[in-house]
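Quick notes on the structure that follows.
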Amino acid sequence: MRAERRHVRRHEALGTARPLAPAALLAGVAALNACGGVAIKPEPVLPRPLIQPLPAEVGLILPSELRNYLHKETRWGVEWRIALGPGHVRLMHDIFQDEFGHVQEFRDLTAARAAGGLKAVFEPRIDQYSFVTARDTGGRYFAVTIRYRIALYTPAGEKVDTLTLSGYGSALAKGMSTGKPLELATLAAMRDAAAKFLVQFPQQPAGALLAHDQPLIVPAAGVSAGNLQIEAVPVEEQESDGAVASALGAQPQSMAHG
């Protein structure tokens with residue numbers, strides 16, 4: 001059974017904001033068309049999480065599709081370009097270095113298999129990026145969803161499971177800017193996904209093995225691991241990274257297996 005909660009409280013709070021007048025929205029779109037669209041490159045900075053790193057040494061593979069991930073679409077006559085690759089390289093480095101005592105990065109699974117002493121290998125990917133603009137929400141806010149898929153392998157390179165999780169973020173629409181609120185909403189979604197992984201992964205079967213410095217193994221015949229789903233109430237957007245750090249140390253409110 002999958003438990004998933006959306007932005008109920010966040011959207012209720014945002015509902016009190018003063019919407020932009022239709023004329024202002026049209027003027028904003030015209031300005032965007034004049035300058036050739038919106039291009040952002042979100043670069044996250046995670047606060048130090050309040051967790052105890054797992055002692056296991058693990059491998060990390062960041063495939064080229066994640067490193068170079070670029071979301072492009074045209075909406076309301078405006079071209080949007082969101083370069084997620086560079087920021088996610090930094091994000092994944094931070095997440096795994098905070099979650100585990102020792103992390104080695106490899107270019108591919110073949111190189112990871114050749115290494116010694118690993119207890120698991122992780123290969124994260126961006127599965128989907130989607131957003132809504134101030135025009136979509138009546139001038140109130142921008143919102144972003146990022147869905148991730150993380151493959152888990154044994155030290156020998158055998159597939160153990162797939163972890164899926166989604167990050168959610170939003171930011172108030174202020175003034176005529178469109179790039180900045182979208183960037184803030186994207187960064188909030190990235191931090192939300194990081195918090196879910198850092199807090200909830202140690203409670204999963206794979207996390208329990210790595211917490212005891214035991215290598216991951218392929219489930220026995222007839223036992224299906226399925227896709228592990230991590231979902232929780234999203235971390236609410238805060239004014240400071242210190243508040244996010246406290247959230248990273250909080251206990252998850254819901255989680256389910258797929």
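Computed from heavy atoms alone, side chains included, the values below leave out hydrogens, waters and symmetry copies.
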Revision key, fill the gap. Nearest heavy-atom approach of F96 to V103 is O-CG2, 3.3 Å
Check your understanding: Does a donor on one side chain sit under 3.5 Å from an acceptor on the other, for Y129 and T186?
Key -> yes
Exercise for review: Step by step, work out the side chain to side chain donor-acceptor pair (under 3.5 Å) result for H71 and E73.
Suggested key: CA-CA 7 Å; H71 178 87; E73 69 174 272; 2.7 Å; yes
Exercise for review: Side-chain contact test, heavy atoms from C-beta onward, threshold under 4.5 Å: evaluate it for L70 versus I82 and give yes or no.
Suggested key: no
Study note, to complete from the structure: On a heavy-atom basis, the closest approach of I61 and A112 is CD1-CB, 4.4 Å
**Study point:** Other residues, nucleotides, ligands: >12 heavy atoms within 6.0 Å of H93 NE2
**Key:** yes
Exercise for review: Would you mind reporting whether T164 and D127 have side-chain heavy atoms less than 4.5 Å apart?
Suggested key: no
Review point. Can a donor-acceptor pair be found between the side chains of Y153 and E158 at a distance below 3.5 Å?
Key: no
Check your understanding: Does K41 NZ have over 12 foreign heavy atoms under 6.0 Å away?
Key -> no
Study note, to complete from the structure: The side-chain contact (heavy atoms from CB on, under 4.5 Å) partner of L216 among D161, V121, L209 is L209
Check your understanding: Would you say L198 and I95 make side-chain contact, with heavy atoms under 4.5 Å?
Key -> yes
Practice item. With the side chain counted from C-beta on, respond yes when E123 and L109 share a heavy-atom pair under 4.5 Å apart, and no when they do not. Key: no
Practice item. Please tell me if the side chains of F100 and E57 come closer than 4.5 Å, counting only heavy atoms from C-beta onward. Key: no
Check your understanding: Using the ring of each side chain (for Trp, its six-membered ring), is F197 parallel, tilted or perpendicular to F122, with breaks at 30° and 60°?
Key -> perpendicular
